[in-house]
S.K.: 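Please see the structure below; I have some questions.
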Amino acid sequence: MKSKITRSIIGHPLKSPMILPRISLLLLLFLTYHINSHAQQVENVAKHLGAGVAIGAVGGYAAHKIFNGQRGWTWAGAVGSSLAAGLAKETYDVSRGAQWETEDVLFTALGGAISGLALDLLLKNRRRGRGRKNCGCPPIAFKPLQVYPSKDSGSITAAIQANHILGAGL
């Protein structure tokens, strides 16, 4: 029988529960180092990162809906759509006479990885609750009110408290 570690190494990388957050963390650390080693303008980085987050959120959520909430496809949609947008933008810039900047593509793809992580965290609770119809809690049985605020004190709060006390037998 194979251990869990062996299965996660040998198995499909998108099916392993921890491989995608680890890859995005390594990508984030690499690009953070890359920002510090090369003096690219912060404003340009923020624009590409923001565009990557926005495009990745749309692509990841669309993939989440199309592929019935499969985690790997959500990540692929988020990172893939932002990577495609970054490549398309750089291709457009080169066609207009600018120089190709790989950093811009990487920062746009990093934005997609950030949105993939956010979608993974936000949509995780919805995946767990799909199979259950209720929480397993007993239904609340409401008893008819026996104290009426119009006849007695005039306060709805006092009427609710009185009914609770009377219903509990206190």
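Worth knowing before you read on, the calculation uses all heavy atoms, side chains too, and leaves out hydrogens, waters and symmetry mates. Numbers here are sequence positions counted from 1.
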S.K.: Output all residues satisfying side chain to side chain contact (heavy atoms under 4.5 Å, CB included) with Thr102, sequence neighbours left out; order by chain, then residue number.
M.R.: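 Expected list: Trp100, Leu106.
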S.K.: Minimum heavy-atom separation for Ala63 to Trp73, with atom names?
M.R.: CB-O, 3.1 Å
S.K.: List the atom of Ser82, the atom of Gly52, and the distance in Å for their closest heavy-atom pair.
M.R.: CB-O, 3.6 Å
S.K.: With rounding to the nearest 0.5 Å, note down the distance linking CZ in Phe107 to CD1 in Ile114.
M.R.: 10.5 Å
S.K.: CG/Asn68 to OG1/Thr74 distance, rounded to the nearest 0.5 angstrom?
M.R.: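 Asn68 atom CG to Thr74 atom OG1 measures 10.5 Å (nearest 0.5 Å).
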S.K.: Quick check for you: to the nearest 0.5 Å, what is the distance between Leu110 atom CG and Leu83 atom CG?
M.R.: 11.5 Å
S.K.: Do you know the tightest heavy-atom contact between Ile55 and Ala85?
M.R.: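 Nearest pair, atom of Ile55 first, then Ala85: CD1-CB, 3.5 Å.
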S.K.: So which pairs with a foot in residues 79-91 pass salt bridge (charged side-chain N to carboxylate O under 4.0 Å, His left out), sequence neighbours left out?
M.R.: Lys89-Asp93
S.K.: Can you list every side chain to side chain donor-acceptor pair (under 3.5 Å) pair that touches residues 106-115, not counting sequence neighbours?
M.R.: His48-Thr108
S.K.: Nearest 0.5 Å, please: how far is CH2 in Trp75 from CD in Gln70?
M.R.: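 Spacing of CD (Gln70) from CH2 (Trp75) equals 16.0 Å.
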S.K.: Closest heavy-atom contact between Ser81 and Gly56?
M.R.: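 That would be OG-CA, 3.7 Å.
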S.K.: Kindly indicate whether the side chain of His64, heavy atoms from C-beta on, has any atom under 4.5 Å from the side chain of Leu119.
M.R.: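 No, every pair of side-chain atoms sits at 4.5 Å or beyond.
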